[in-house]
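All remarks here apply to the structure that follows.
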Amino acid sequence: MLNVKDISLTFNEATPDEKKALQGINLTLKKGDFVTVIGSNGAGKSTLMNVISGSLTPDVGDVAIGQKNVTMYPEFKRSQYIGRVFQDPMAGTAPAMTIEENLAMAYARNKKRKLKPGVNKKRRELFREYLSTLNIGLEDRLNAKVGLLSGGERQALSLLMATFTEPNILLLDEHTAALDPSRAELITNLTRDVVEKFHLTTLMVTHNMQQALDLGNRLIMMDKGQVIFDVSGKEKQALTIEKLLHEFQRIRGIQMDNDRAILG
Amino acid sequence: MFISMFGAVESGVIYAIMALGVYLSFRVLDFPDLTVDGSFVTGAAVAAIAIMHDVPTIIATLLAVVAGFVAGSITGILNTKGKINPLLSGILMMIALYSINLRIMGRSNIPLLNEPTIFTQLQEIWEGTNIDQSLNAMLLSLGVDRTPGTWSTLLVMIVVTVLIKFITDYYLKTEIGLALRATGDNEKMIRSFSANTDNLKIVGLGISNALVALSGALIAQYGGFADAGMGIGMIVIGLASVIIGEALFGTKTIMRTTLAVIGGAIVYRIVVTWALRVDFLESSDMKLITSLLVIIALVVPKVIDGQKEARRKRRKRNKLQERLKGEA
């Protein structure tokens, strides 16, 4: 479903600030794969997300969704296929517009927008139905401005908006990181439910190792712009935080030794 | 007094169309578009020159709308494709339009006093009805000594402006309209829902300036001339209307806000007309009055809110202190 091939991207090339953000990333997601991505700050996780979503174009390499090569598609065109939830709860919704208007905009994602009312009776019922699956009472507040909602409510709404049109790819960029633990748990559970319900092919960046272990059928670890560890299926189920840290240390250790060897 | 206020309301309703245009760019798209100063004149110039060449007045007015749309779209293209800052795109277009408008007109002023205009033609049709007589008779019985020459301009313009308001309301609730509003509200978000924000901005600014040019074309026909300098400060007048209207009539829904903007445009005209009747103020002071009005409309509501808030807190504090005293 998603095919990332030989992606490299360097910021500020040929200056003292040069940063090799991605170095030859290869990643293939089958339909229905739910992949969690971990790695330290600056490992290239967010850059990878931005390359897939189209906010950044890679120096070399291709991104394909299904059979379609979308590397050169501008962001808005690519977002027909990609649902996205950002870290900032304010980023995924329009605050001055009502809940139903926000949903109507999300509903039009994979259609051509026309000069007919965005919300009608039938759609309102549909939106109400979808909102009730969140179980936080938003279905009774269709005409409330989204700016009045709390961070957790806005993030739940963002998640619904990103997923209910069943996009080919779902990108979650640390989408629970800005919430308090109980809200984060709510969003985590909603994520699990919704991905399961629609069989979404999902890539989720997180700093929370437990979350990375709990969710999904595959886990990758990134460091210095490379994928350094990739487990799936039973192997992933058997992972624990200790094992993960150990693995992290082992791989990084080897790398550091290599570096030292080169420098020496 | 009644006659001058009548005139103020009349022109206010025509300027309200311009104010709706400014509302679209300034509030809906969150784009401070200074093209307005130029596109208002473009509308007046195109309509005037077309009427001089014996084009039917309605077609001349529609040509002005098209010219305004083009001018606004170019500002949008400068901003989105040329990546020029919004304020600067508008200023560049405004300055360019100053020369373009002179080119269109061929000179700096075109009088239309001896030409047919939409309003004179309207009046001719209107005279067949008895509406003027009956309305004026009513005024006379109310004790007004001088009655207006015709009600046709006011009544028809109210219908036209309200119609434009309803079309705008509808448009802003369509799928495209929602995307347009989101472009002004959270651009990153609506782009992640596959909306081409560049095109939306270009179209939005086009529509905004089409309305401004329509207003300019009507004002030229209403006042009987088009002048290269008639657009100076127009953006501030538009803003004044939007801000005064929002402060007085509220912004709860889109329909309420567009109505408020129309109300603001009329109130603005009334206040200016009233101010100019004060002895020591001259018509050249109008821009100063406009600026002061905008400043007042921006500052006063905040001061009032601040005082309300302070009073509420003081009350709560006092209550708490009394309770503590009672317990002690």
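The figures that follow rest on heavy atoms only: side chains count, while hydrogens, waters and symmetry mates do not. Residue numbers begin at 1 in each chain, while the letters A, B, ... track the order of the sequences. Please read these numbers as outputs of a predicted model, since none were measured by experiment.
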#### Entry: Note, Ser194(B) side chain near Tyr81(A) side chain (heavy atom, < 4.5 Å)
no
### Message
Below 4.5 Å, heavy-atom pairs only: which of Lys77(A), Arg78(A), Lys111(A), Arg123(A) has the largest tally toward chain B?
### Response
Arg123(A)
#### Entry: Side chain to side chain, Met105(A) and Glu175(B), heavy atoms closer than 4.5 Å
no
### Query
Rounded to the nearest 0.5 Å, how far does CE of Met189(B) lie from CG of Asp88(A)?
13.0 Å
### Task
Would you give the length of the straight line joining atom CD1 of Ile82(A) to atom CZ of Phe193(B), rounded to the nearest 0.5 angstrom?
12.5 Å
### Task
Answer yes or no: does atom CG of Leu320(B) have more than 12 heavy-atom neighbours from other residues, nucleotides or ligands under 6.0 Å?
yes
#### Entry: Residue that, paired with Phe76(A), satisfies side chain to side chain contact (heavy atoms under 4.5 Å, CB included) out of Asp198(B), Ile190(B), Asn196(B), Asn199(B)
Asn196(B)
#### Entry: Separation between CG of Leu115(A) and CD1 of Ile176(B), rounded to the nearest 0.5 Å
4.0 Å
#### Entry: Which atoms of Ser55(A) approach chain B - backbone, side chain, both or neither, heavy atom under 4.5 Å
neither
### Query
Does a sphere of radius 6.0 Å around NZ in Lys165(B) hold more than 12 heavy atoms from other residues, nucleotides or ligands, not counting ones at 6.0 Å or beyond?
yes
### Query
Heavy atoms, side chains only, cut-off 4.5 Å: are Asn186(B) and Met97(A) in contact?
no
### Message
At a 4.5 Å cut-off on heavy atoms, which part of Thr251(B) comes close to chain A: side chain, backbone, both, or neither?
### Response
backbone
### Winner by heavy-atom pair count (cut-off under 4.5 Å) against chain B, out of Met161(A), Lys116(A), Arg84(A)
Lys116(A)
### Lys81(B) NZ: over 12 foreign heavy atoms closer than 6.0 Å
yes
### Task
Indicate the atoms forming the closest heavy-atom contact of Asp185(B) with Ala96(A), along with that distance.
OD2-N, 2.7 Å
### Task
Select one option (side chain, backbone, both, neither) describing which atoms of Phe86(A) are under 4.5 Å from chain B's heavy atoms.
side chain
#### Entry: Spacing of OG1 belonging to Thr253(B) relative to NZ belonging to Lys145(A), to within rounding of 0.5 Å
8.0 Å
